[in-house]
Amino acid sequence: MNVTNGNKTTSCQDETVCTLQIYRRLSVKPGQSCILRVPKEATAATVIKTALATLGLDTSKTYVLVEVQEYGGEEWVLQASDQPVQRVLLWPRKAQDKHPQSDGYFFALQEGSYDGSIQYDVMTSVRQEKVAQGLANRGFVTQQPQEYDDLCNLPELTEESILGTLRHRFHKQKIYTFASNILIAVNPFKFLPIYNPRYVKMYENHTLGKLEPHVFAIADAAFHTMLNKRVNQCIVISGESGSGKTQSTNFLIHCLTALSQKGYTSGVERTILGAGPVLEAFGNAKTAHNNNSSRFGKFIQVNYLESGVVRGAVVEKYLLEKCRLVSRGKTERNYHVFYYLLIGASEEEKDEFKLLHPEQYHYLKEEIPIVEDQAEMKHEFRRLHQAMEMVGFLPSTKKQIFSVLSAILYLGNVTYQPKDVGEGLKVGPDRVLYAISDLLKVKVELLVEALTTRKAMTANDTLILPYSLDEAITARDSMAKSLYSALFDWIVLRINHALLNKRDLEESVPCLSIGVLDIFGFEDFKTNSFEQFCINYANEQLQYYCNQRIFTLEQEEYRAEGITWHNIDYPDNIGCISLFSKKPTGLFYLLDEESNFPRATDSTLLEKFKQQHQDNPFFVQTPVREPAFVIQHFAGKVKYQIKDFREKNTDHMRPDIVALLRSSECSYLRQLIGANPVAVFRWGILRATIRTLAVFNEAGRSWAEKYPGNIYGSLIDFSFDRSEEGPLEILLNVIVLFSVQNLIDSHSLKFIMDLTQHNRATRSLLHLHTKKKPPSISAQFQASLSKLLETLRKAEPFFVRCIRSNGDKREMHFDDALVLQQLRYTGMLQTVRIRRSGYGAKFTFKEFTDQFRVLLPKEISTPQQDITNLLTKMGLPRSSFQIGRTKVFLKESERQILQEALHKEVMRRIIILQRWFRACLMRKQYLREREGIITIQVLFVWLSRGFKKNAFSRPVVSKCFSCNDLPLLLSFTSLFGPKASGSHSNFPRVKSSATFPGPRRNPTIKISRATRVQEKWNASLDREITDSNELRHLDEFLGNQVCVDVYILLQLFERHLDFNSKVGFDTLVNPNIGYTTLMSGYQTRVSSLAGLKKASEVPLVVNLFQSVLDGFIRGELKRLEVDPLGHLFSTYQVTIMQSCDQCSSFIWGMEKAFMCSSCKMVCHKKCLSKITVNCTGHCDRKVSTAQTLHFGVPVCALVRTADSVPFVMEKMLVHVEMNGLYTEGIYRKSGSVCRAKELHHLLEKSPQAVSFDNYPIHTITGLVKQWLRELPDPLMTYSLYNDFLYAADLPEESERLRALYRKLDELPPPNFSTLERLIFHLVKVAKEEAHNRMSVNALAIVFAPCILRCPDSSDPLLSMKDINKTTLCVEILINEQTRRYNQKMEEIQQLENAEAMAVKQLKLRRQNTRPKLGSDISVDGANLEIEKNLLERIKSIKKEKNDLAFRLPEFDQDSSDAENMDSESLVSSDSLLEDHCVSLDSEGQY
């Protein structure tokens, strides 16, 4: 690169115009470059545009400008707004002058992808590595560590190498790293654009480790492992607070639902995606370590059918941090939902819920004022609304929830003052009390009583005792916390019901599951209390579970199998767990004991802790007077403040508060605090029913008193008092409350209660008047945690280790000390060591022999020896496998090698079988032909003996016609059908079976798309052709209009464009030809050929051809508008934050975006018109220089428009429909191979000139199947192969049908149109089953391997099991299209009958009203009106019938009686219309 000014080389620091030398990277010619003079302020986008024009590169592709500094080992991709000249000024002074590229500082122009990335896999970087290594050896630059995406591949395994690898990848924005099958995720505190749907597609069905590490790779591995092994899976996400566990959970759920949406997206996936934002809003908050910290634990278990389709899901929640509601640190916030509601609510909602500003609430005003993120919170509130709708919350339910939230905030504003006279407290202010009363629908007097006094039960009486000031504040806060906890539990219950599959209540279907655990991370704040005590215990249990699965069980299995293994030590935390939970001296049990003693305090609890565990190494002593204790956790020492431990452990809702809320007029609030949702639901129904009957009885008595003599009334008129909630409103509230997608009942409620922790024991804490004392918070937490660990132990785990990159929440900042600390306490070094030394693949002898039977000998006597011989024969290192007593142990890389060898061997044997089968067929055909030849020879010898030789000598008369002998008018008017050329019947014509006269519409049945409506386009011939593709489209369009005579027209175009027969339209790089120029040249050519005799016919020919061009222009404009650059965009609701692939800006959750169903490109609606990148999911057109190919070419390369069918395919199908529907075994029997090859060659060379009349019908049907089999990508594409299989496995027939049709809609338009035409053809074949013996099932068996093939990379043994599913898919389509075909034909028949009746009525009326000769002509106005109505009715019926026929063309017009009847009715109705016009004309003359 150089920078010069004029002819003198100099620095450009003081110049306004500089010279840049741009090198083209990856160029065929080494050193190819261009010199550009640009101003200093020129941007990279301007430089790229100028360089592309100078170098003559394709401007449709995306290029990036790369600044290369080889000595630094660095490269930067310049953004569009960067200034290259300013970058040059930062180089060394010598580098700014002119120099060769080898000096190490230059700009490179390289092709990139639409996301701005560039490909480095083809770079010639050997020399660069040598230079960089030389400089590093001499100490000039720091040696860059080699990048490893799997820590097990590190050449030297130390803490420093692991840390260096993570740091090196993190600085390259590669936050994911593998440690075998364990994923390490470093939180960047920044959103990275690597979670779009195309990444889900990229990682789908790929072996773990083959692609770059990603969280989607773990989700895909768990999903396919579950399907292949038929074993439940779980994904355990661990890490301390702020490490990104919640975000990783969202990404995993997003990917799992995307993988399960194969063919049919049920409401379960939608509910799962909507549940995440709802739970985050109510259960997450901003803390000192994390802006979106989960203040509760959740375990989401997604249930699948064995086919991989989502069946249902269950959400378990653990230990909501209720104390955050009333107090928290200065830099922390309350739960998100409060800020969303206060800032995002509309003015009407603020008035309805009596909302104030956040700083006006006591529960919220402790934090720093919210100013910077108000816009984001408004968006989050809208997102919350949409998510709640996805879950199933009705608008009335959302209002009730927001009313409760507002009431909770108002509770914090309740203040207390001592009474002026007597004991007790005065509560206020009054506006706050009245607001709470109105929101909760309780009486103010009862509210004041519950907030200031408490009831004490004695043996004979009930005492009412006033609260002290501290007790009153505690009661107020307890009411707020209990109400919010009950609301959160109810929301989880509601979500679980929405996720419930009602069929699970009726039938038992075998299901699999994948569980995702997102539990609170390890926490160590400045002040740690009871919540951190429970949270860190949960993390201890989780760490122990990970150690058991990674170390203990693994090494025990190795020792049990007797293989060579050196034991690896690891940090064990069982002692710390015993400190918490060992009976009877565990901390939890001591806490429960002290909580039951009436006179115990927090100080006595601390003394008991110290007394029992003073010698425990995990319990660290503290100074005597300090109210705290220290525990040595696996992640370090944590100091806990003993204050409020006892109170938080028995944090129950007080009986007075329960009684207050149960007195509410709002049925929703009564449901909220119910002890048992099943009992509450039953009581609500019973209560509403009784009150409704009471109202009816009262209305009946009133009627009897008012009308004593009238026993039966026609209508009972009654109304309810609007001041109170009526019984019907009660019933409606109960139904609305529990109506989530499906009407809830007691059975489903009980089913949900059994699946979750919502049982009588956990809910009884709301009712202290019961005799049995409810369990403590710690006891409930231990029970739920034990159930969680039991669930995890029953599943195969995948681990995601989340790492916090820094403690200040800074974007892309890597704190070495903090990361190293996390690596140490998680035992990452030992984890990598055991994964590196251990064996990832394990098989029992039976499993190994079953899976790799093809590679083993036929006779297996000793499995151990045979397996050892096989692995040794394959050349696997002896250290990469071991044979145990009952199992085979392999490294993962060796397992993949073994799997590839199996695939190759199976393919080799399949090819051998195919060769043998084909040889048998050829041998059979050869014997049959040989026998025929011998018979002919014998007959010929016999005839030669009996007759003279001259008896066989007859002259052959033939006549050839040249194109020059045909009249010019015939050559062009044949473009438009038989009517235009009907006067030239004395000239030879090509048979209809080989030609398609007139613009022919593809006879199709609409599968899943709406009927295509022809829009009005104002196309103009002033348009210019600037793209070679448009010329090629015009060539194909004209070729599809006619068959033989079109080549005369094409010759005219080629002469005008100065082409020859060997040059195609694609040879023009930048054509610039106007349609007006083409028309003028065409008119000149036609005039010269017509001469004086045919000069009068020239305008007719020109006008007809102009209409053809106008139709082409309209279609071209429509194609460019509907499918920009081949993309198939549809609306897409974003569930997790993503980035627009066009403008790179964020797309927030719950927003609407557009996604291409083929390449999975996502963009805003406003960016659709700015897309410049072709769809990567569509094939490129195959350019042919010598001839047009029609076999083995992608469908999109054979059609001009998206709704057309390839010419050869259409021609063959039409011929079969006209000549072969009654042939027995039409698609079962095969034709002559020689004739098939001959016809194949002719169709490849010149399909328009081929006549099928000379070939047997089975030869043509064989070519139909061959054309389908030779497609590079089948009609039902490889990318959707698994989706169709999943759709075929759906249990419900209606769901299966909808799933298949939804997937058909995702096919590329050319594939869709061609498949649509083929299915219609098969319907017609199946309709004649009585003659051709081809049933729907037989047709599906024949065509399923042709149109729905598995990818070549698939395991052939597994693909054999999918034959039944592929056949079922095709059979379902044919059956459904047959049903639609019959329905359309019935509608047409009904219209024909109606038309015939109308015509008959019109004939009779005209006969009866016709005036006699010689009499006066008097036409009655009423009769004319009736006749006019009949004519309008006939026209309407004809139009409707034509529309139906247009969508479903009629067949076999020559042999169908119905068709003949229809033609007769058409003639009669047309003649009647003409007679009517004549009569009106004659009437006007009189």
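As the structure is a computational prediction, the values presented were derived from the model and not from experiment. Side chains included, hydrogens not; waters and symmetry mates left out as well; all remaining heavy atoms used.
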Do Phe1207 and His1190 have ring centroids that are under 6.0 Å from one another?
no
What distance separates Leu1322 CG from Leu1373 CG, expressed to the nearest 0.5 Å?
10.0 Å
One pair to check against salt bridge (charged side-chain N to carboxylate O under 4.0 Å, His left out): Glu1329 and Arg1333. What are the steps and the verdict?
CA-CA 5 Å; Glu1329 179 185 356; Arg1333 306 299 182 188; over 6 Å; no
How far does CG of Leu1280 sit from NZ of Lys1303, to the nearest 0.5 angstrom?
6.0 Å
How many angstroms lie between atom CE of Met907 and atom CD1 of Ile910, to the nearest 0.5 angstrom?
5.0 Å
Applying side-chain contact (heavy atoms from CB on, under 4.5 Å), run through Thr1366 and Tyr1281 and close with a yes or a no.
CA-CA 9 Å; Thr1366 57; Tyr1281 174 77; 4.0 Å; yes
Could you note down all residue pairs passing salt bridge (charged side-chain N to carboxylate O under 4.0 Å, His left out) where residues 1226-1235 supplies at least one of them, sequence neighbours left out?
Arg1235-Glu1238
How many angstroms lie between OG in Ser1279 and CG in Leu1307, if you round to the nearest 0.5 Å?
8.0 Å
Taking the inter-plane angle between the rings of Tyr1222 and His1331 on a 0 to 90° scale, is it parallel (under 30°), tilted (30 to 60°) or perpendicular (over 60°)?
perpendicular
Identify, with sequence neighbours excluded, every residue that meets salt bridge (charged side-chain N to carboxylate O under 4.0 Å, His left out) alongside Glu929.
none
Report the residues that fulfil side chain to side chain contact (heavy atoms under 4.5 Å, CB included) with Lys1265, sequence neighbours left out, ordered by chain and then residue number.
Tyr1227, Arg1269, Val1342, Phe1343, Cys1346
Interatomic spacing from CG in Leu1300 to CG in Leu1368 - rounded to 0.5 Å
7.5 Å
Start with the C-alpha distance between Val1193 and Leu1198, add both sets of side-chain angles, then the distance that settles side-chain contact (heavy atoms from CB on, under 4.5 Å), and finish with yes or no.
CA-CA 7 Å; Val1193 181; Leu1198 297 174; 4.0 Å; yes
